[in-house]
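The block underneath contains the structure these notes are about, expressed in C-alpha cells.
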There are 2 protein chains.
Amino acid sequence: MPTVAEPARPPGASVGTTEQLRRNNLSNILSLVHQGGPLSRARLTRMTGLNRSTVGAVVADLADLRLVNERMPERSAKAGRPSPVVHVDQGTVAIAVNPEVDAVHVGLVGLGGRVFKQVRVATANTPSAEQVVELATTAISDLLSRQDHSLRVVGIGVAVPGQVRLSDGLVREATHMGWFEQPLAAMFERSTGHPSWAANAAVLAMRAESTFGAGRDVDDLVYVIGGASGIGGGVVTGGRLLTGTAGYAGEFGHTFVRPSGTACQCGGHGCFEAEVTQQRLLDSVGLQAAQADQLSAALAESTNPDVAVLVAESLDLLGIVVRNAVNLFNPSVVVLSGFLAALHSAAPDDRALIGEAIRSARETVRVQDAALGADQLMVGAAEIVFAELIADPSGFLAS
Amino acid sequence: MPTVAEPARPPGASVGTTEQLRRNNLSNILSLVHQGGPLSRARLTRMTGLNRSTVGAVVADLADLRLVNERMPERSAKAGRPSPVVHVDQGTVAIAVNPEVDAVHVGLVGLGGRVFKQVRVATANTPSAEQVVELATTAISDLLSRQDHSLRVVGIGVAVPGQVRLSDGLVREATHMGWFEQPLAAMFERSTGHPSWAANAAVLAMRAESTFGAGRDVDDLVYVIGGASGIGGGVVTGGRLLTGTAGYAGEFGHTFVRPSGTACQCGGHGCFEAEVTQQRLLDSVGLQAAQADQLSAALAESTNPDVAVLVAESLDLLGIVVRNAVNLFNPSVVVLSGFLAALHSAAPDDRALIGEAIRSARETVRVQDAALGADQLMVGAAEIVFAELIADPSGFLAS
DNA sequence: CTGATAAGTTCTTTGTCACAACAAAATATT
DNA sequence: AATATTTTGTTGTGACAAAGAACTTATCAG
C-alpha cells in the first residue's frame with residue numbers, strides 16, 4: 001500500500017545536505033565562468049565569498065569533469081603571486097536548433113556562449129516537425145564531422161516560435177508553423193540520442209540577452225521582441241527566469257491594447273501583435289521581409305506623413321504594453337528587440353513608452369535596445385541546455 | 001584605498017558554507033511548521049528528505065531559540081513509537097499595523113499566523129504618517145500590557161494602501177492617505193524600538209492568501225484585490241513573491257483597459273481602477289461603503305437592468321486584466337478578492353474572465369475567490385516580519 | 001503478554017568548508 | 001642586483017553538519 005503523499009514541495013532552495021552544498025558551489029562557480037568569461041581564481045574567491053582553498057578544490061573538481069581549465073595569465077598587473085585564470089572548456093558544446101517558416105537554423109555553441117558554427121538549411125515549404133527533426137539531424141552530424149577536434153555534445157536546445165511546455169518540450173501550438181501538440185524534444189532525443197529541450201523562441205532570445213547582452217547583471221528585466229511571426233517576450237524577476245506553471249509566461253504579444261480590434265490568431269481581439277506587425281511597418285517604407293534589419297534606418301529617413309502616423313500609432317500601442325509591464329513587474333530595465341527596437345529608435349524620447357506608468361516604478365526603469373545580433377537565438381537555445389548542465393555539473397555528466 | 005568592487009551578486013542561492021547549510025535547514029523546518037501548522041517530526045523528516053537524526057538536531061536548535069516546542073500527541077493512529085509534534089511557539093508575535101482613511105488597525109499575530117488580538121483606532125480625519133505612528137505606538141503598548149503571558153515581539157509590519165519601497169519601508173505615495181515620501185518603517189522603529197517593515201497592502205493580502213489561504217501550495221499565483229481605495233494585487237511565481245526591483249510590482253489597478261478613459265489618480269488614462277470602482281457598484285444596488293461585504297448578495301438579488309449592464313461591463317474590464325495576467329504570468333490559480341470576488345460571483349462562468357487568454361495558458365488556470373476573511377491584512381502584515389525571521393532564525397534573534 | 005511496527009536516540013563515519021601556516025611568484029623599493 | 005612587499009596557491013588541521021547503523025522506546029494488534 002503506498003504511503004500518503006507528502007506535500008512534496010521542497011521548501012526553500014533545495015540545499016539540505018553537504019552533498020547538495022558542494023553541488024551548489026560547483027554550480028555557482030561554473031555559472032560565473034560561463035557568464036562572466038575567464039576569471040582568475042582570486043576573483044572567484046572574492047565573488048563567491050568562499051575560502052581560497054575551497055575555491056581551489058571546487059575548480060579542481062570542475063577541471064576533472066573537463067568543464068573548465070586553468071591557464072597562467074600572460075601579463076599580471078598587480079604585485080603578488082599570479083592567480084591562474086579559469087576558462088570554460090572549449091570542447092563542451094550544445095547544439096542549437098531554430099525552425100522557421102522557410103528554413104531551419106542549426107548551430108554549435110560552446111560553453112561560455114560562443115557560437116562556433118552555424119548553418120541555415122532552407123526549405124521549400126513550411127516544414128513539419130518531423131521534417132525539422134530530420135533536416136536538423138543531418139545538419140548536426142554534418143557540422144560535427146567537419147569539426148577537427150572532438151567535441152562533447154551535452155544536449156540540444158530548440159527555439160520554437162510558439163508555445164512550448166517546458167517540462168517535456170511539447171510544442172502546444174506554433175501557429176506560424178502550423179504545428180499543434182508536437183512532442184519536439186522527445187522527437188529530437190529519439191533521432192539524435194542527445195538529451196533535448198525545447199522552449200519558446202522569444203524567451204530564449206531573452207535568455208541570451210539576459211546572460212550575455214543588454215540584460216546582463218539585471219535582476220528585474222522585461223524583454224519584448226517583435227519579429228515576422230509576431231511579438232513575444234520574456235521576463236526575469238529577482239534574478240530568475242519567469243516561466244509560469246508550464247512555461248507559457250511572457251506572451252506580451254497578446255496584451256490587450258485596443259477594444260474591438262483586429263481578430264488575433266489566438267482567438268482574442270485587440271491583441272498587440274494583431275495591431276502592430278512588422279509587415280505593416282516594412283510595407284509603409286517599401287521594404288521586403290528580408291530587409292527587416294534596415295527598418296530602423298528607413299523609418300528615420302522617411303518623410304512620408306503616413307509613415308509618421310503609423311509610427312506614432314504603433315508607439316502608442318507599444319506604450320500600453322510597456323506601461324502595463326512596468327506596472328506589473330517593476331523592472332529596472334525594459335529591453336526592446338527586433339522591429340520593436342526599430343520602432344523605439346523612431347521615438348523622440350521614452351515618454352510615449354513609460355510616461356503613463358505609475359511614477360514610483362517609472363522613475364527607476366530604463367528602456368534600451370537589444371545588444372545581441374543575429375546569433376541571439378542560437379545562444380539562447382544553447383542556454384537551456386547549459387542551464388541544466390550548470391545546475392548540477394557532475395550529476396548531469398554522470399547521467 | 002577601497003578595493004575594486006566585485007559584481008557582488010551572490011550567484012544562486014547563497015548557501016555556500018556549512019554554516020549557511022544549517023541556517024537553511026533551520027529556515028526550512030521553521031517555515032514548514034509556520035505554514036503547515038503542527039507537524040510531527042516524522043512528517044518533517046519525510047517532507048525535508050533529511051535524516052531523522054538531523055531533523056532531531058534542527059528541531060532541538062529551534063526549540064533552544066524558543067521558536068518551537070514539542071509535545072507528545074494525545075492519540076496516535078498508527079502502530080509504532082509516537083512522534084513528537086512540533087508546534088510553533090505561542091509567545092513569539094509580530095505586530096501588524098494597517099492605516100486607513102478613517103482608522104488605524106493594530107493587531108497581535110502569532111508565529112503560525114493566528115491573530116491573537118486586534119483593535120481599530122478610529123480617527124476623525126485621514127491621519128498623517130506621524131499620527132499613525134503615534135496612535136499605533138499607544139495601541140501597541142496597550143495591547144501588550146493587557147496580555148497575561150509575556151510575549152516576544154519580533155517586529156512590526158505595516159500594510160500601506162500605496163506604493164512602498166521594500167528596501168527601507170519608504171512610502172513613495174499613498175494617494176488616498178495623502179502621503180508622499182514618508183519613511184514609515186524608520187518612523188516606527190524610532191517610536192517603538194522594534195524592527196519594522198512596510199509594504200503595499202494588496203501585496204500583503206496576497207501573502208496571507210498565499211501562505212494560509214486559497215493560494216496555499218500554489219507556486220504560480222496571481223492575486224487581484226478590489227477595495228474602497230482602488231485595485232491592487234500581487235504575484236507569486238515559481239514559489240517566490242514577485243517584488244520587482246524596488247517592491248512596486250503587482251499594480252493591476254493601473255492596467256490599461258479602455259482608450260481615452262477616465263483620468264486616473266496616477267496620471268494615466270484608461271486604468272482599470274479608474275473604470276471599475278467599488279463605490280459605483282455599491283451605488284448601483286444602494287449600499288453604503290461600510291456594507292461592502294453585502295455586495296455579492298446584493299448583486300445576486302438585483303433585478304435592475306442597469307445593474308446587470310454595469311456588472312457585465314465591469315466583468316468585461318476585469319476580463320481584460322485577468323487575460324493579460326494569464327498571458328504574462330501563466331499562473332495555475334488566479335485569486336480574486338474584495339469587491340472583485342463579488343463581481344466574480346455575479347458572472348455565469350469564467351469565460352468572460354479567461355476566455356480570451358491564449359489557449360495553452362487558459363487550459364490549466366482556475367479562477368477562485370479569496371478564502372481568508374477580515375484578518376487577511378493583519379496576517380499579511382505580520383508575514384513580512386515572520387519572513388525575515390524564518391529566513392535566518394538564529395541570526396534574526398541574535399541581532 | 002508478545003510480536004510487529006515506527007520512530008526517537010546515540011555514536012561513528014564521511015564530507016565540506018574555514019583557518020592558519022607556509023611556500024611561491026610576481027612587483028616595488030633601495 | 002638584492003631585498004622587501006604583496007598577493008595568492010598549497011597543505012594540513014579542526015569544526016561542523018548530515019548520514020547511517022545500532023540500539024532503545026513506545027505504541028498497536030492479536
Side-chain angles (χ1 to χ4, degrees), chain A residues 1 3-4 6 12-29 39-64 68-86 393-395, chain B residues 1 3-4 6 10 13-29 39-64 68-86 392-394:
Chain A
M1 204 113 117
T3 49
V4 177
E6 297 289 341
S14 128
V15 182
T17 73
T18 50
E19 192 188 327
Q20 292 166 330
L21 185 63
R22 184 52 163 270
R23 175 190 311 164
N24 205 42
N25 282 333
L26 282 169
S27 171
N28 285 342
I29 288 186
L39 291 169
S40 73
R41 246 158 75 184
R43 281 199 70 186
L44 286 172
T45 302
R46 286 191 295 264
M47 290 168 93
T48 57
L50 298 174
N51 191 278
R52 283 212 291 269
S53 52
T54 307
V55 173
V58 170
V59 169
D61 273 14
L62 288 174
D64 285 347
V68 304
N69 43 58
E70 296 185 280
R71 296 181 221 157
M72 291 316 284
E74 298 179 4
R75 316 249 326 107
S76 62
K78 285 180 291 186
R81 180 173 178 172
S83 188
V85 177
V86 182
S394 74
Chain B
M1 200 111 123
T3 50
V4 179
E6 296 290 340
S14 134
V15 183
T17 72
T18 51
E19 190 189 327
Q20 292 167 329
L21 184 62
R22 183 53 162 266
R23 176 189 312 166
N24 206 43
N25 282 333
L26 282 170
S27 171
N28 285 342
I29 288 187
L39 291 169
S40 73
R41 243 155 76 184
R43 281 198 68 188
L44 286 172
T45 302
R46 287 191 295 266
M47 290 167 93
T48 56
L50 299 175
N51 190 280
R52 281 214 289 268
S53 49
T54 306
V55 173
V58 170
V59 169
D61 273 14
L62 288 174
D64 285 347
V68 304
N69 42 58
E70 296 185 280
R71 297 181 221 158
M72 291 316 283
E74 299 181 4
R75 320 250 323 109
S76 62
K78 286 180 290 187
R81 178 171 179 171
S83 187
V85 177
V86 182
D392 179 11
S394 74

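Source: prediction; values computed, not measured. Sequence lines set the chain letters: A, B, ... in the order given, protein chains first and strands last, and positions in each chain run from 1.
How far CG of A/Leu21 is from OG1 of B/Thr17: 7.0 Å, rounded to the nearest 0.5 Å. Considering OG of A/Ser40 and CZ of A/Arg71, their distance stands at 14.0 Å, rounded to 0.5 Å. Atoms CG and OG1, from B/Leu39 and B/Thr45 in turn, are 11.0 Å apart once rounded to the nearest 0.5 Å.
Taking atom CE of A/Met72 as the reference point, atom C1' of D/dT7 lies 12 Å away to the nearest angstrom. Across the protein-nucleic acid pair, A/Glu74 atom CD and C/dA25 atom C1' stand 17 Å apart, rounded to whole Å. Atom NZ of B/Lys78 and atom C1' of C/dG8 are 15 Å apart (whole Å).
For the side-chain contact (heavy atoms from CB on, under 4.5 Å) with A/Leu44, the lone residue among A/Val58, A/Val59, A/Val85 that qualifies is A/Val59.
Side-chain atoms of B/Ser27 never come within 3.5 Å of backbone atoms of B/Arg23 as a donor-acceptor pair (strictly under, hydrogens ignored).
Dashed line: the shortest gap from a side-chain N or O of A/Ser83 to OP1 or OP2 of D/dG9 is under 4.0 Å.
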(message) Applying side-chain contact (heavy atoms from CB on, under 4.5 Å) to A/Thr48 and A/Asn25, what does each step give before you reach the verdict?
(response) CA-CA 9 Å; A/Thr48 57; A/Asn25 282 333; over 6 Å; no
(request) Heavy atoms under 4.0 Å is the rule here; annotate nucleotides 10-22 of chain D 5' to 3' with B where the base is hit, S where only the sugar-phosphate is, and - elsewhere. (result) BB-----SSBB-B
